[in-house]
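Quick notes on the structure that follows.
Proteins get letters first, then strands, A, B, ... in listed order; numbering begins at 1 in each. Only a predicted model underlies this, so the values are computations on that prediction, with no experimental measurement involved.
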Amino acid sequence: MNMQTPIKVPFTRYLSADGTLHTNLPDWAADASHLRKILQQLYHDMVLARVLDTRSVALQRTGRMGTYASCLGQEAIGAAIGLAMQPDDLFVPYYRDLAAQLRRGVRPVETLLYWGGDERGNAYRDCAGDFPNCVPIATQCCHAAGAATAFRVRGERHVVVCTLGDGATSRGDFLEALNLAGVWQLPLVFVICNNQWAISVPRALQSAAPTLAQKAVGAGLPGEQVDGNDALAVYDRVSAAIQRARDGKGATLIEALTYRLGDHTTADDANRYRPQAELKAAWEREPLGRLRSFLVARGDWGEWQEKSLYREVEQQVATAVEEYLATPPEPASAMFDSLYAELPAALQAQRDAAIARAARLDGGAAS
Amino acid sequence: MNMQTPIKVPFTRYLSADGTLHTNLPDWAADASHLRKILQQLYHDMVLARVLDTRSVALQRTGRMGTYASCLGQEAIGAAIGLAMQPDDLFVPYYRDLAAQLRRGVRPVETLLYWGGDERGNAYRDCAGDFPNCVPIATQCCHAAGAATAFRVRGERHVVVCTLGDGATSRGDFLEALNLAGVWQLPLVFVICNNQWAISVPRALQSAAPTLAQKAVGAGLPGEQVDGNDALAVYDRVSAAIQRARDGKGATLIEALTYRLGDHTTADDANRYRPQAELKAAWEREPLGRLRSFLVARGDWGEWQEKSLYREVEQQVATAVEEYLATPPEPASAMFDSLYAELPAALQAQRDAAIARAARLDGGAAS
Amino acid sequence: MSVSAHLPGNDPYHGQELTLVDAVNLALDHEMASDPTVVLLGEDIGTNGGVFRATVNLREKYGCKRVMDTPLAETLIAGTAVGMAMNGLRPVAEIQFMGFIYATFEHLVSHASRIRNRTRGRLSCPLVLRAPFGGGIHAPEHHSESTEAMLAHIPGLRVVVPSSPQRAYGLLRSAIRDPDPVVFLEPKRIYRAGKHALQHEYDYLPLDTCFTLREGDDVTLVTWGALVVETLAAANLLAEQGVSAEVIDVASLKPLDMDTILASVERTGRCVIVHEAARSHGVGAEISAQIAERGLLSLRAPVERVTGFDTPMPYFRNERYYLPDATDIVAAALRTLEAGA
Amino acid sequence: MSVSAHLPGNDPYHGQELTLVDAVNLALDHEMASDPTVVLLGEDIGTNGGVFRATVNLREKYGCKRVMDTPLAETLIAGTAVGMAMNGLRPVAEIQFMGFIYATFEHLVSHASRIRNRTRGRLSCPLVLRAPFGGGIHAPEHHSESTEAMLAHIPGLRVVVPSSPQRAYGLLRSAIRDPDPVVFLEPKRIYRAGKHALQHEYDYLPLDTCFTLREGDDVTLVTWGALVVETLAAANLLAEQGVSAEVIDVASLKPLDMDTILASVERTGRCVIVHEAARSHGVGAEISAQIAERGLLSLRAPVERVTGFDTPMPYFRNERYYLPDATDIVAAALRTLEAGA
Ligand SMILES: Cc1ncc(C[n+]2csc(CCOP(=O)(O)OP(=O)(O)O)c2C)c(N)n1
Ligand SMILES: Cc1ncc(C[n+]2csc(CCOP(=O)(O)OP(=O)(O)O)c2C)c(N)n1
Ligand SMILES: [Mg+2]
Ligand SMILES: [Mg+2]
């Protein structure tokens with residue numbers, strides 16, 4: 001008995017790193033035109049995220065945005081989640097979920113404003129219910145459990161999807177919420193974006209568990225692994241987990257294996273702690289090229305489509321960047337105006353003081 | 001894949017509820033005189049705990065002690081832990097570990113003082129290193145991980161044993177510490193005293209995991225179950241886990257299955273939420289009678305031994321109760337005198353005020 | 001929702017005399033009856049009705065979907081309540097004792113108090129976090145905490161402390177209907193201190209005003225929670241000595257209604273602040289500071305603070321050495337009178 | 001250990017000019033060199049040397065047994081440090097940003113601060129919990145917190161805030177050697193604000209006294225952390241207007257050295273307290289209250305508080321609207337002079 005309790009964790013991959021078929025496609029993929037739609041949609045969403053992400057890093061580098069956490073390399077997970085969810089479902093992100101958020105209706109200008117240090121970036125105009133990015137690691141997992149409970153209480157058949165990183169799996173917030181999801185059989189899907197690093201801490205130092213998916217075992221719910229750089233596989237598994245949750249069968253934990261191709265954030269320098277060779281090898285498994293090759297091989301994608309897609313996406317991003325750069329900051333009073341539903345009388349004087357200070361700092365420009 | 005990842009958790013029991021042999025004894029038990037010593041020692045410690053526990057409840061009922069958490073029914077776990085540990089090992093208890101603590105050198109008068117609302121009950125005279133009872137559920141698990149790390153840092157081959165309840169397994173403190181114990185391979189043994197209830201919350205509402213031992217799977221360390229009312233089985237498994245930890249092979253999670261035969265505390269009335277029948281059935285599996293029958297059947301125990309043991313133990317407890325009741329309270333100044341190693345000047349005036357208030361309240365009796 | 005919302009039955013508590021904890025239970029009952037989005041969660045709140053019986057019978061009445069016994073995890077309780085509140089419910093979470101509230105702080109400080117601000121009003125967090133607090137009941141360690149000051153410092157929160165059955169009922173109903181997060185601290189020492197009949201006109205009490213419990217001209221006594229009882233007793237003792245003391249129950253520690261307090265001190269020129277929490281950086285400090293900063297000229301004597309010590313609450317055998325009582329309050333009041341004579 | 005304990009090498013920092021964060025690193029280095037029981041734990045403190053490089057090179061120098069990269073779990077970091085300290089080590093734990101410190105509160109409030117008292121001295125908890133705090137570096141949400149008041153309220157803790165390389169070095173070494181738990185909050189905005197050479201006589205600075213950084217007769221400016229810089233700037237501006245300001249760096253927020261502050265206000269009769277944290281129930285409240293309560297007669301004007309607002313720190317685009325600056329301090333000082341004229 002003096003060794004780890006042995007356990008078998010399911011793993012799913014359809015597309016190999018080179019984009020060839022790794023194993024038979026799932027049954028639902030038999031309908032070629034349906035599959036084409038899905039694949040093209042996933043690819044579109046990944047490209048949009050990649051382009052906006054690249055542009056965001058550039059804006060930070062040129063001093064026009066704040067510290068930015070890139071999703072480079074994780075686009076497949078986001079795209080798959082975004083496509084697998086229904087509009088009335090609820091997405092509880094961590095902070096590398098660009099592809100999912102864009103599909104859910106968050107506008108590029110909003111993600112730019114958020115990383116540009118403007119709360120209005122969380123006031124999603126076209127995505128009323130989703131939760132904003134969550135900075136305190138793993139805390140969103142408890143919020144997701146609460147949101148799922150709310151659906152249950154109201155008898156609504158909606159599902160909550162919550163993402164987190166590999167480092168986040170070490171935190172009580174995730175482990176407590178996972179346990180609740182199991183015992184309350186919540187309509188909830190946790191997707192761990194295991195990009196192998198938590199800033200400088202490698203996956204191996206987070207846990208001795210050979211997989212993170214097996215954290216589900218202690219919570220009494222199913223856990224599985226999926227190739228997080230295979231958009232098709234992630235879409236398939238997340239869809240299945242969402243369906244299971246919608247059918248009242250309870251929560252699922254999915255560990256999506258991917259890799260953080262960028263620095264942790266623009267404030268980080270991964271060369272301090274990460275072997276170049278590892279990074280180089282990871283680029284070989286990168287998700288966009290893999291899906292493109294598969295699409296091309298199926299005759300579902302070609303040069304001109306690629307060109308026009310990029311043309312369209314670059315345009316969309318350029319417009320968003322313009323709007324972002326043209327957006328004036330909020331007045332100082334904004335820090336009081338959504339603090340409470342109604343500003344308590346006790347805070348009125350402070351609000352006035354803030355306005356006065358701003359007027360001074362901005363040279364008379366009152367607000 | 002839509003069901004719980006299947007897993008096999010080891011379970012150990014040697015003595016059946018009626019005290020007959022459930023399965024072959026472990027190899028080390030081949031030496032009959034050694035086994036006799038072990039069994040008699042375990043029985044002695046269980047009886048001492050039972051008698052002191054019963055007396056403590058009586059003291060509370062008669063207004064001579066505060067709220068008390070009885071260990072009734074869990075004596076086998078405590079006795080086994082106490083006997084399996086070496087003096088230089090470190091015990092990190094929760095609050096139903098009377099049998100273990102007494103074996104470790106905590107004096108009955110100290111446990112009485114503690115439950116009697118006197119900090120001196122934690123100033124163990126003959127048990128310098130062990131941690132005191134821990135009230136905030138599961139927080140002791142992190143302390144245990146830290147204490148085990150300290151042994152590792154100093155290169156000492158000592159082991160930390162930490163107990164917790166079934167309810168405590170839902171808390172992040174336990175789950176985070178368990179994960180650390182796995183990834184740092186700490187010399188640490190966690191023993192879950194699964195007495196089936198967390199105040200009014202039954203085990204089934206804490207987690208959907210069929211066993212609590214399998215929480216080890218997500219932390220990458222071995223987990224196993226043992227019959228917590230079979231002192232011999234607990235002693236065998238805890239000893240093995242301690243040996244494993246001492247040999248540098250890392251931590252183990254042991255779930256000891258037992259039952260809370262009393263109310264949660266003297267402030268609780270379990271009849272509000274617990275079926276009588278369940279309690280009645282649990283008494284059938286009670287640990288003292290089981291071990292006594294086994295001892296008697298082996299010819300290792302008889303009437304006169306039973307009598308003299310109780311006479312000795314009753315005497316020992318009576319003496320402790322006398323000492324407890326005869327102990328005057330600390331002076332008011334005590335609340336300042338071990339707050340810091342040296343009282344900061346800023347607190348001197350408050351200390352004087354406390355002494356003055358006490359003098360008033362006690363009618364002139366200054367301190 | 002409007003304050004005049006229909007109550008189940010046309011006088012649900014007619015005649016009933018209630019203790020403070022009964023009033024808490026009734027407020028929960030009435031809000032659950034009038035608003036299906038109100039749900040309860042916590043440890044032992046269901047079958048057991050709460051270790052202080054604050055939620056007794058509510059599981060039977062509203063079902064386990066709306067009265068949820070959680071696993072034993074405070075961080076989870078707070079974080080789940082935040083998620084519920086962000087998704088359309090009005091959760092009322094119970095932390096069994098304030099001594100176990102610290103694990104909820106991250107969700108209170110970093111989320112509950114900021115959701116509305118963070119999303120510029122797109123989302124909100126109308127939750128109530130209830131916890132019995134304070135000492136004096138001979139409980140084990142961690143069961144006697146009064147760390148309300150830590151919560152009162154957090155922007156975006158409301159911190160409310162009732163001190164009578166009526167205020168427990170009226171403030172809790174308002175807290176549940178408030179669109180923002182409220183920490184509701186219940187003085188367990190007076191959970192059953194006395195019974196009172198409730199009055200309809202106070203079904204919903206405001207969350208941002210103090211309550212003047214007794215009027216007086218010579219000195220203002222400011223307090224909250226269980227020490228309201230000691231302070232009223234002190235006012236009686238002072239009256240016997242011909243000193244007329246005004247007694248103010250702060251009730252809402254955040255936001256703080258200094259206008260009522262300052263207006264009183266304007267008149268009396270003397271103030272004694274009474275709280276059970278540790279003295280340094282307690283809520284009394286903010287009140288004392290504002291009185292001096294804004295009322296300096298009207299002050300006839302330095303403000304006095306009668307508080308707990310800067311030590312943990314001693315184990316219960318010596319608890320009484322820690323707790324301020326009426327005698328301490330009277331002494332402080334007399335000092336302000338001498339100083340300002 | 002004695003303050004004159006031998007340092008590795010006979011003048012390890014001779015000539016070196018250090019920033020505040022360099023000084024933190026050097027203090028850790030020297031304490032680890034002189035005491036094998038000193039260990040470090042936290043997130044990214046090993047190979048990466050900490051996100052602010054406060055622990056850089058220490059893993060290489062002292063090995064991964066004494067410089068431990070933990071899993072991502074703050075409750076665990078604090079709780080593990082408590083267990084280490086209770087079992088003979090002197091752990092120095094890093095919380096990457098104060099915005100993530102709340103998960104450690106239960107271990108600080110319910111354990112670290114009470115172990116010695118709970119066991120009547122049988123066990124103790126000599127840990128240091130380090131965290132960079134404060135705003136002004138254009139960081140994302142939760143990276144600009146100043147909630148030191150919540151910690152200063154906790155009996156049994158020490159809360160220390162350095163504001164120069166020398167004080168960072170001398171106070172951190174004393175904190176590590178202190179037999180009780182110390183929360184050490186580092187003003188990250190001035191981590192690299194300037195370089196200074198250290199002086200041996202200040203290797204160990206006392207943990208319970210304020211530092212008077214500039215003497216003056218007309219008004220006392222009391223502050224700590226990054227705002228010490230703004231406050232000294234304000235003192236210069238005031239000097240240009242012929243106002244002589246005394247500047248006190250409180251440095252140790254708990255226990256609070258009111259004697260130094262009161263002695264100064266006795267002379268000047270005027271006081272401005274400056275902090276970045278939210279105003280209500282901030283540390284400024286306790287200082288202001290005590291000045292009024294104990295120094296009332298010598299006060300010539302109401303105490304002024306120049307503080308952050310009772311709101312979360314705005315996202316960085318509007319951060320500057322939140323942060324008090326020299327102009328605000330000067331204005332407040334002049335108000336006290338007018339009032340007291
Ligand atoms: C509670 C908390 N602790 C620390 C941090 C600082 N921090 C930001 S991201 C990060 C690493 C997260 O790693 P992981 O969960 O794997 O997500 P990834 O960034 O790799 O996608 C840390 C430590 C934080 N944001 N929140
Ligand atoms: C953090 C915390 N939350 C709540 C409590 C109140 N409480 C005391 S014991 C208990 C139940 C513990 O159940 P379990 O872990 O199974 O241990 P048992 O008492 O059954 O042995 C609770 C909720 C506490 N002491 N600490
Ligand atoms: Mg990661
Ligand atoms: Mg139990």
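- A perpendicular orientation is assigned to the rings of C:Phe100 and C:Phe97, their planes being inclined by more than 60° (bins at 30° and 60°).
- Taking 4.0 Å as the cut-off between side-chain N and carboxylate O, B:Asp268 and B:Arg260 count as a salt-bridged pair.
- Using a 4.5 Å cut-off between heavy atoms, B:Asn271 makes no contact with chain C at all.
- Comparing C:Asn318, C:Asp310, C:Leu76, C:Asp69 by how many heavy-atom pairs each has under 4.5 Å with chain B, the most go to C:Asp310.
- The choice from C:His138, C:Met313, C:His142, C:Glu319 that makes the most heavy-atom pairs within less than 4.5 Å of chain B is C:His142.
- With a threshold of 4.5 angstrom between heavy atoms, B:Leu339 approaches chain C through side-chain atoms but not through N, CA, C or O.
- For the residue pair B:Gln140 / B:Tyr94, no side-chain donor-acceptor distance below 3.5 Å is found, with atom types taken as modelled.
- Side chains of C:Asn236 and C:Glu240: a donor-acceptor N/O pair is absent below 3.5 angstrom, by distance only.
- Of the two parts of B:Leu113, only the side chain, counted from C-beta on, holds a non-hydrogen atom closer than 4.5 Å to a non-hydrogen atom of chain C.
- Using a 4.5 Å cut-off between heavy atoms, C:Arg320 contacts chain B through both its backbone and its side chain.
- For B:Arg272, the parts lying under 4.5 angstrom from a heavy atom of chain C are both the backbone and the side chain.
- Options C:Glu43, C:Glu74, C:His143 differ in how many heavy-atom pairs under 4.5 Å they form with chain B, and the most are formed by C:Glu74.
- A donor atom on one side chain and an acceptor atom on the other are not found under 3.5 Å apart for B:Asp173 and B:Thr139.
- Both the backbone and the side chain of C:Tyr322 come within less than 4.5 Å of a heavy atom in chain B.
- At a 4.5 Å heavy-atom cutoff, the contact between B:Arg120 and chain C is made by side-chain atoms alone.
- Remark: the C:Tyr62 side chain and the C:Asp29 side chain contain an N/O donor-acceptor pair separated by less than 3.5 Å.
- Residue contact with chain B, scored on non-hydrogen atoms closer than 4.5 Å, is absent for C:Ile45.
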Report task. Could you walk me through whether C:Asp22 and C:Arg53 pass salt bridge (Lys or Arg N to Asp or Glu O under 4.0 Å), step by step? Result -> CA-CA 8 Å; C:Asp22 297 335; C:Arg53 309 291 171 249; over 6 Å; no
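- At a threshold of 4.0 Å, the pair C:Arg335-C:Glu338 does not count as salt-bridged, since none of the basic side-chain nitrogens sits closer than that to a carboxylate oxygen.
- Neither the backbone nor the side chain of B:Ala334 comes within less than 4.5 Å of any heavy atom of chain C.
- Put simply, of B:Gln350, B:Gln206, B:His264, B:Glu330, the one with the most heavy-atom pairs under 4.5 Å next to chain C is B:Gln350.
- Comparing B:Ala168, B:Ser200, B:Ala138 by how many heavy-atom pairs each has under 4.5 Å with chain C, the most go to B:Ser200.
- The aromatic ring centres of B:Phe336 and C:Phe309 sit less than 6.0 Å apart.
- With a 4.5 angstrom heavy-atom cutoff, C:Thr75 does not touch chain B via any of its atoms.
- Using a 4.0 Å cut-off between charged side-chain N and carboxylate O, B:Glu255 and B:Lys215 make no salt bridge.
- Contact of C:Pro314 with chain B is made through backbone and side chain together, with heavy-atom distances under 4.5 Å.
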